[in-house]
Number of protein chains: 2
Amino acid sequence: MDKLIKFINRYVTLEKEDLDVILPFFKRNILLKDKFIIKKEQVVTDYYFIASGGLIIYDIKDEIQFTRYFAFENEFIGDISKIRNRGRSDSYIKAIEDTELYSISYKDMETLYDRFPLWQKFGRLIWEDSFASVLYGIHNFQSLTAKERYLDLLKRSDLIFRVPLKDLSLFLGVTPQSLSRIRKEISIAKE
Amino acid sequence: MDKLIKFINRYVTLEKEDLDVILPFFKRNILLKDKFIIKKEQVVTDYYFIASGGLIIYDIKDEIQFTRYFAFENEFIGDISKIRNRGRSDSYIKAIEDTELYSISYKDMETLYDRFPLWQKFGRLIWEDSFASVLYGIHNFQSLTAKERYLDLLKRSDLIFRVPLKDLSLFLGVTPQSLSRIRKEISIAKE
DNA sequence: TCATGAAATTACCAAATGTTAATTAACACC
DNA sequence: GGTGTTAATTAACATTTGGTAATTTCATGA
């Protein structure tokens, strides 16, 4: 649980006794590559902390895949809009690498929130961060072309080395063919 | 402060005594149409609750405006990525209607968070909601065309009646000319 | 009321992206 | 090693969107 503890400590400084109460609520999970932690229409109950590895979140409509998001080590995720009322997932979550997860139920989180004010603070900070990072993504879509979004991603992450072009392109909001074309243009421009 | 109190009550049930401590930290502000609450490069210090009216948040780069967001009554907003470290705003925030605001400083919010666990919970829920709503926007960009995004917006909001096409189009990530064209196509299709 | 300027519309052409389909490359399985 | 499956690339064409510019509409203030 080392990674999880470090992650928590980046946000709040909990007493050891408190941490000893909180941590047991997390369940460790090893998810092999291409296995699912949740499928569409399943009831959403848990948050996940990713200690290592990576996940893809995607939807399938009319046989077409839409990549919503990728999540990697040291990310804390949860489908907030569904989890609150035990709604059903509108996407699949699959491991794209062998992944070590720590899951905790919505119910347990709420209990801990009420019991430990610092844990509530942890929750607040997590969601503030999540909000800020998605906001950044929105601004990208509003103001950049597909090629610019791709170049921005290159600068900020190692995503292209970890996920297939097909999934990446849909995440960027373009077709795989388009991204392939963009990639070619860039490689030509470099010469 | 009625609207603000109602808004808070939607999230948490605070004791009257607590509320009496918290509310005075908010400063009431009437912002006339086209007046700014913050301009680019100014240091960001405050959160805002909008009791009535509306705001536009936009950036200007190379003389071109980029609409980031519109905020209306009963929204609680703050530039989380800047406010934490007293960073400078990368956008302008302007009233698009006469607007009644309640502002509170980052510092005061932090103080109140620590003092009232329920206020911390309020903060967490606010940002969870904000995250969920921005996430919805991202999915739109990832999977819809400009026309589909416009139609989706029509269904969900009265934005088109409250903001000029120019600002709205940039919010949707297209040029004003494009949106004008789209609007025409839709009106033709209706006949 | 008129004059002014900004917003909205329209048109035309260029650039970007989507669609369909064929080809090649990579990779897992036998 | 060969076979089959999927991903990635490429190409040709269609559609969407952008950029520039002209025209019209609309709101505002003199």
Side-chain angles (χ1 to χ4, degrees), chain A residues 32-35 54 56 58 60-67 70 92 94-98 140-154 159-191, chain B residues 32-35 54 56 58 60-67 70 92 94-98 140-154 159-191:
Chain A
L32 295 180
K33 184 176 173 171
D34 292 329
K35 299 286 177 191
I56 179 172
Y58 66 92
I60 294 182
K61 263 185 191 159
D62 306 326
E63 317 232 325
I64 300 166
Q65 174 185 318
F66 293 97
T67 306
F70 299 100
Y92 301 84
K94 193 177 76 174
I96 54 178
E97 306 167 0
D98 290 352
N140 267 354
F141 273 109
Q142 286 173 331
S143 61
L144 304 182
T145 64
K147 190 197 276 190
E148 291 168 327
R149 289 201 297 279
Y150 177 72
L151 288 170
D152 180 69
L153 195 66
L154 281 190
L159 208 53
I160 49 156
F161 303 114
R162 301 180 76 170
V163 308
L165 175 137
K166 178 176 156 278
D167 297 331
L168 181 66
S169 64
L170 300 168
F171 176 63
L172 288 170
V174 293
T175 60
Q177 295 92 321
S178 257
L179 187 55
S180 190
R181 186 163 36 201
I182 286 168
R183 202 177 245 183
K184 191 185 176 187
E185 284 166 17
I186 291 169
S187 72
I188 290 172
K190 269 186 188 164
E191 289 168 10
Chain B
L32 295 180
K33 185 177 172 168
D34 293 328
K35 298 288 178 189
I56 179 173
Y58 65 92
I60 295 182
K61 261 184 191 159
D62 308 326
E63 318 234 324
I64 301 166
Q65 174 186 318
F66 293 97
T67 306
F70 300 99
Y92 302 83
K94 194 176 75 174
I96 55 179
E97 306 168 358
D98 291 353
N140 266 354
F141 273 111
Q142 286 172 332
S143 60
L144 303 182
T145 64
K147 189 197 276 189
E148 291 169 325
R149 289 202 296 280
Y150 177 72
L151 288 170
D152 180 69
L153 195 68
L154 281 191
L159 209 53
I160 49 155
F161 303 114
R162 302 180 76 170
V163 309
L165 175 137
K166 178 176 157 276
D167 298 332
L168 181 65
S169 64
L170 300 167
F171 176 63
L172 289 169
V174 295
T175 60
Q177 296 92 320
S178 258
L179 187 55
S180 189
R181 185 164 39 199
I182 286 168
R183 203 178 242 181
K184 192 184 175 188
E185 285 165 17
I186 291 169
S187 71
I188 290 173
K190 269 187 189 164
E191 291 168 8

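Throughout, protein chains are lettered first and strands after them, A, B, ... in sequence-line order, and every chain is numbered starting at 1. Predicted, not measured: the structure shown is a model, and the values here were computed from it.
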### Task
Using a cut-off of strictly less than 4.0 Å, decide whether A:Thr175 has a side-chain nitrogen or oxygen near OP1 or OP2 of C:dG18.
yes
### Query
Starting at CG of B:Leu179 and ending at P of D:dT17, how long is that distance when rounded to a whole Å?
10 Å
### Task
Please evaluate the base of C:dT9 for a donor-acceptor partner in the side chain of B:Gln177 within a cut-off of under 3.5 Å?
no
### Task
Give the minimum heavy-atom separation between B:Phe70 and B:Thr67, together with the two atoms involved.
CZ-CG2, 3.5 Å
### Query
Rounded to the nearest 0.5 Å, what separation is found between the CG atom of A:Leu179 and the NZ atom of A:Lys184?
14.0 Å
### Query
A:Gln142 versus B:Phe66: any side-chain heavy-atom pair under 4.5 Å?
no
### Query
How close do A:Arg149 and A:Leu144 get, heavy atom to heavy atom, and via which atoms?
NH1-O, 3.1 Å
#### Entry: Atom pair CZ/CD1 of A:Arg162 and A:Ile56 - distance to nearest 0.5 Å
13.0 Å
### Query
Please give, in whole Å, the distance from C:dT20 P to A:Glu63 CD?
14 Å
### Query
How many angstroms lie between atom CG of B:Leu172 and atom CD1 of B:Ile182, to the nearest 0.5 angstrom?
8.0 Å
#### Entry: Between C1' of D:dT20 and CZ of B:Arg181, the distance in whole Å
12 Å
### Query
To the nearest Å, how far apart are A:Ile64 CD1 and D:dT6 P?
17 Å
### Query
Considering the terminal five base pairs at each end of the helix from C:dT1-D:dA30 to C:dC30-D:dG1, what angle separates the two local helix axes, rounded to 10°?
40°
### Task
Pick base, sugar-phosphate or nothing for B:Arg183, based on heavy-atom distances below 4.0 Å to the nucleic acid.
sugar-phosphate
### Message
Quick check: closest heavy atoms across A:Pro176 and A:Leu165, and the distance to 0.1 Å?
### Response
O-CD2, 3.5 Å
### Residue-phosphate contact under 4.0 Å: A:Ser178 side-chain N/O, C:dG18 OP1/OP2
yes
### Task
Using atom CD1 of A:Ile182 as one end and atom P of D:dA11 as the other, report the distance to the nearest whole Å.
16 Å
### Message
Please report the distance, rounded to the nearest Å, between CG in B:Leu144 and P in D:dT16.
### Response
15 Å
#### Entry: Interface residues of residues 162-171 of chain B with DNA chain D (non-hydrogen, below 4.0 angstrom)
none
### Query
Rounded to the Å, how far apart are A:Lys184 NZ and C:dT23 C1'?
13 Å
### Protein-nucleotide distance (A:Phe141, atom CZ; D:dT17, atom P), rounded to Å
14 Å
### Query
Does one side chain, of A:Ser180 or A:Arg183, offer a donor that lies under 3.5 Å from an acceptor on the other?
no
### Query
For residues A:Glu148 and A:Asn140, is any side-chain donor paired with an opposing acceptor at under 3.5 Å?
no
